[in-house]
Amino acid sequence: KNQVEQSPQSLIILEGKNCTLQCNYTVSPFSNLRWYKQDTGRGPVSLTIMTFSENTKSNGRYTATLDADTKQSSLHITASQLSDSASYICVVSVSGGGADGLTFGKGTHLIIQP
Amino acid sequence: DGGITQSPKYLFRKEGQNVTLSCEQNLNHDAMYWYRQDPGQGLRLIYYSQIVNDFQKGDIAEGYSVSREKKESFPLTVTSAQKNPTAFYLCASSIVGGSRIGEQYFGPGTRLTVT
């Protein structure tokens, strides 16, 4: 069964600090991996999409890495800001799969404290 | 101003009543999706549509119905047959290249409470 596991479930850090969120998956065959940011009570917003051949992608202070061999991805946030407080969702897509080929993680809830 | 909109943001209904959630997009995307989000769980796919007048069931379609009469619109009806309808509902759209799902753009969501 295709699964996406995210850790930690929740994280609290001080403003200005860096943090790394983890995503492990068992989805096969792999097509791409996406990271989304979801503010409380809002819809998710895409941060990055990585295919099999990409092992890193940045979007401002967000940097995602992908190790397709170990089936792990991480999202690194640099110099955190209060606006980074949100849930971060990892989504993995099956190659050749349609809409039902997307597997969503449960998310990591990140709180940035001043 | 391109985007995807959902209305209303909050919706309250009595048990046993059907309710329809609106989703509109002006991104010219062919594909549209409905997800349900519950606390502590990942998004679960209810229905999706890749072309007008066609749609497919997702993982949790029971108790829901949809229509796709226009490219821009994909309303979701939560029927009285849905045992646990209280949830946060998200609509999304994307381009589709063959079977490859492009980047999904999500609406702001509708929080439905049924008492």
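The sequence lines fix the lettering, A, B, ..., with proteins before strands; numbering per chain opens at 1. Values in this document were obtained by computation on a predicted structure and should not be read as measured data.
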Exercise. So which part of K57(B) gets closer than 4.5 Å to some heavy atom of chain A, the side chain, the backbone, both or neither?
Worked result: neither
Problem set entry | Connected via hydrophobic side-chain network under 4.5 Å: L82(A) and L75(A) | yes
Problem set entry | Test item: F106(B) and Q38(A) side chains (from C-beta on) under 4.5 Å apart, heavy atoms | no
Exercise. In the single-linkage hydrophobic clustering (I, L, V, M, F, W, Y; side-chain heavy atoms under 4.5 Å), do I13(A) and L21(A) co-cluster?
Worked result: yes
Problem set entry | Side chain, backbone, both or neither of Q37(B) within contact of chain A (heavy atoms, under 4.5 Å) | side chain
Exercise. Around Y25(A), counting heavy atoms of other residues, nucleotides and ligands shown, do more than 12 lie under 6.0 Å from its OH?
Worked result: yes
Seminar exercise, completed: Shortest non-hydrogen pair, R34(A) vs E103(B), comes out as NH1-CA, 4.0 Å
Exercise. Any chance NZ of K83(B) has more than 12 other-residue heavy atoms, nucleotides or ligands included, within less than 6.0 Å?
Worked result: no
Exercise. Is atom CD of Q17(B) surrounded by more than 12 heavy atoms (other residues, nucleotides or ligands) closer than 6.0 Å?
Worked result: yes
Exercise. Can you tell which of G41(A), G43(A), P44(A), S46(A) has the highest number of heavy-atom pairs within less than 4.5 Å of chain B?
Worked result: P44(A)
For this session: Report yes if the side chains of Y35(B) and L102(A) come closer than 4.5 Å at any heavy-atom pair, otherwise no.
Result: yes
Exercise. What closest approach, in Å, do Q104(B) and F104(A) show between heavy atoms, and which atom pair accounts for it?
Worked result: OE1-CZ, 4.0 Å
Problem set entry | Heavy atoms from other residues, nucleotides or ligands near NZ of K106(A) exceed 12 (cutoff 6.0 Å) | no
Exercise. Of the backbone (N, CA, C, O) and the side chain (C-beta and beyond), which part of L90(B) lies under 4.5 Å from a heavy atom of chain A, both, or neither?
Worked result: side chain
